[in-house]
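Below is one structure, written out as structure tokens; the observations come after it.
All chains are named by letter (A, B, ...) in the order of the sequence lines, taking the proteins before the strands, and each is independently numbered beginning at 1.
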There are 2 protein chains.
Amino acid sequence: MTDTPRAWETVLRSIETDLLAGTLAPGDRLPPERQLAAGLSVGRSSVREALRVLEVLGLIRTQTGSGPQAGAIIVATPSGGMSALMRFQVAARGFAVRDVVATRLLLEAAVVTELATSGADLAASTQLLDAMDSPSLTEAEFLALDAQFHVSLAEASGNEVVAAMMAGLRNSIESYVLEAAPEWHSWPATSERLRREHRSILEAIRNTTADLARERVRNHITTYYSESRLTPDSAIT
Amino acid sequence: MTDTPRAWETVLRSIETDLLAGTLAPGDRLPPERQLAAGLSVGRSSVREALRVLEVLGLIRTQTGSGPQAGAIIVATPSGGMSALMRFQVAARGFAVRDVVATRLLLEAAVVTELATSGADLAASTQLLDAMDSPSLTEAEFLALDAQFHVSLAEASGNEVVAAMMAGLRNSIESYVLEAAPEWHSWPATSERLRREHRSILEAIRNTTADLARERVRNHITTYYSESRLTPDSAIT
DNA sequence: GTCTCCGTGTGGTCAGACCACACAGAGATC
DNA sequence: GATCTCTGTGTGGTCTGACCACACGGAGAC
């Protein structure tokens, strides 16, 4: 009943407190592991367990050596953590692939609706589409740009939470997509279709026709996963 | 260029592989740390760093002692990991509270739309509402049930990914809500209003009036966070 | 047959040691 | 004086060994 927290939880809570208090902010360096351990009266291994968690969550970046770039630095890049979380949950069957796809559809529909309504800056997304026109791209490279394009839409909406979720959702089933890719009927035809659909989505957004953009996103994504033989059914909204 | 993975990454990848291969499944026990270390030719501390990550991500549960319940067991409970991730990202300003609220609104609107359309089982949600009618509840207890109610809606939609996200979003700003709670004008009046709004949302779902349910959710959430002085603006959709 | 106790295996933690690495400054070289 | 080289130093990364707390389960006492 005394509820003794484990040592590494103490470290985690201490860092969280410093973050909330503003003592620690993105760009700052954490104290060296040995010093952190001494300051909290825990072993260095406990500190390391806590730092490992923070690293996977995308909160810090560690680097060996000396100098200003060495050590643990607060970075707060959520997409990495979101990807790791979802990838493992899919692997452990905590998340069904069907739900991942449905959630992606849900989020992306909301994103394009917002973009069509608010008229945000789509320069980054447009640039990615141009890059995808290069005929020298391999299949994997093309799909990577494809993923970036969809994330860029979420970023353009200005909602970092949604952007991170989109990245995580995509990454979590990336291996499944790549696995299924060889089964696509014809890669040149598929990539051509994907490019066309991307441009039509952007066009609908620019014309501020939210319903049309949403409809096109819906078709785009369901077709995509259907060809990958990933259950396209049961999409919320 | 040799790209030597760190020892704990080796452990993580090994476990992920076993999960994907089906060698490891929810309910299974991981090998003891010492044995795992020997099998992968890494130190026990590296194994522990990997297990710590998996624990925070909600993939395993560890317990001391001996017997069938001791050790690390695969559980795959994503909400815990989602909560930790979002809580730290909010603390480190990777996520703006505004975006968290906007995302919650987005997801919940989609959830009630789905529920109103598909006619899912709402018994669990109804039961939580009844529990919230008890006059002996403290403020914190009431708010905990409140959070559970909203998560239960997401669960009723059958999408575990969305349910985990809802739980994570809510937990990540829970501390802010509790902080602001004392500033509410009148607790009895507030709780009464919340109860009323909850029931009206469920009613709209039962009547399969999706638009109405969405509208009521929107009002419910924006009012809620507005009273908590948490930026209610800029909600996608 | 029941109760008690202790062996055993598990995670949790700590301390110490060593390695690889990267920077910074001292010193050598031109 | 400017440049190059080298070594010291501080950092994370890892391993080993040791000890603790805990919970189960069977051996032994009653």
Side-chain angles (χ1 to χ4, degrees), chain A residues 1-15 18 24 26-75 77 80 84, chain B residues 1-15 18 24 26-75 77 80 84:
Chain A
M1 226 30 192
T2 45
D3 204 32
T4 312
R6 286 181 283 181
W8 60 273
E9 289 178 318
T10 306
V11 180
L12 229 40
R13 228 160 38 82
S14 161
I15 294 177
D18 287 347
L24 242 42
D28 289 353
R29 273 182 48 182
L30 283 179
E33 296 177 356
R34 292 161 176 85
Q35 182 179 328
L36 214 42
L40 294 170
S41 301
V42 299
R44 191 184 159 207
S45 49
S46 297
V47 170
R48 283 185 61 71
E49 289 181 20
L51 294 187
R52 202 58 53 231
V53 168
L54 292 178
E55 181 174 345
V56 172
L57 291 186
L59 231 83
I60 64 174
R61 171 184 61 78
T62 64
Q63 197 156 327
T64 63
S66 82
Q69 289 303 311
I73 299 182
I74 313 265
V75 290
T77 51
Chain B
M1 230 19 196
T2 45
D3 203 30
T4 313
R6 287 182 282 180
W8 60 273
E9 289 178 318
T10 305
V11 180
L12 229 41
R13 224 158 43 81
S14 163
I15 293 177
D18 286 348
L24 243 42
D28 288 353
R29 271 180 52 179
L30 283 179
E33 295 178 355
R34 293 161 176 87
Q35 181 179 329
L36 214 44
L40 295 169
S41 300
V42 300
R44 190 183 160 206
S45 49
S46 297
V47 170
R48 285 185 59 73
E49 290 180 21
L51 293 187
R52 203 57 55 232
V53 169
L54 292 179
E55 181 174 345
V56 172
L57 291 185
L59 232 82
I60 63 174
R61 172 184 59 78
T62 63
Q63 196 156 325
T64 63
S66 83
Q69 289 303 311
I73 299 182
I74 314 266
V75 290
T77 52

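When rounded to the nearest whole Å, the span between CH2 of B:W8 and P of D:dC15 equals 13 Å. Spacing between atom CD of B:E9 and atom P of D:dG12 amounts to 17 Å, rounded to whole angstrom units. Atom CD of A:E33 is separated from atom P of C:dA15 by 15 Å (rounded to the nearest Å). Whole-Å rounding puts the B:I60 CD1 to C:dG12 C1' distance at 13 Å. Between A:I73 atom CD1 and C:dA22 atom P there is a gap of 14 Å when expressed in whole angstrom units. Computed from coordinates, the B:E49 CD to C:dC14 C1' distance equals 14 Å when rounded to whole Å. Atom-to-atom, CG of A:L36 to P of D:dG10 comes out at 18 Å; the value is rounded to the nearest Å. Distance, A:Q35 CD to D:dG12 C1': 14 Å, rounded to whole Å.
Of all the heavy atoms in A:V56 and A:A84, the pair that sits closest is CG1-CB, 4.0 Å. In plain terms, the two heavy atoms of A:L40 and A:S14 that are nearest each other are CD2-OG, 3.9 Å. The two residues B:T10 and B:P5 make their nearest non-hydrogen contact at OG1-CG, 4.2 Å.
Within 4.0 Å of B:R52, counting heavy atoms only, lie sugar-phosphate atoms of the nucleic acid but no base atom. Across all strands, A:Q63 comes closer than 4.0 Å only to sugar-phosphate atoms, never to a base (heavy-atom distances). Within the 4.0 angstrom heavy-atom criterion, base atoms lie near A:G65. Using a 4.0 Å heavy-atom distance criterion, A:S41 is classed as a sugar-phosphate-only contact. At a threshold of 4.0 angstrom between heavy atoms, the contacts of B:A7 are confined to the sugar-phosphate backbone, with no base atom among them. Looking at heavy-atom distances under 4.0 Å, B:S46 makes contact with sugar-phosphate atoms alone, never a base.
A donor-acceptor contact shorter than 3.5 Å links the side chain of A:E9 to the backbone of A:R6.
The nearest heavy atom of DNA chain C to A:S45 and to B:A72 marks one nucleotide each, and the one closer to the 5' end goes with B:A72.
Distances shown here put every side-chain N or O of B:S66 at or beyond 4.0 Å from the OP1 or OP2 atom of D:dG25. Distances shorter than 4.0 Å separate some side-chain N or O of B:T62 from OP1 or OP2 on C:dG12. An OP1 or OP2 oxygen of D:dG12 is reached within less than 4.0 angstrom by no side-chain nitrogen or oxygen of B:R6. In this structure, B:R34 does not reach the C:dT10 phosphate: none of its side-chain N or O atoms is under 4.0 Å from OP1 or OP2. Distances shorter than 4.0 Å separate none of the side-chain N or O atoms of A:R44 from OP1 or OP2 on C:dC14.
If you check C:dT13, D:dT11, C:dT10 against the side chain of B:R48, the one that comes closest is C:dT13. Ranking C:dG12, D:dC24, C:dT10 by closeness to the B:P68 side chain, first place goes to D:dC24.
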For a salt bridge (Lys or Arg N to Asp or Glu O under 4.0 Å) check, start with the C-alpha distance between A:R52 and A:E49, then their side-chain angles and the critical distance, and finish with the verdict.
CA-CA 5 Å; A:R52 202 58 53 231; A:E49 289 181 20; over 6 Å; no

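Crowding of A:R13 atom CZ: a count of heavy atoms from other residues, nucleotides or ligands under 6.0 Å not exceeding 12.
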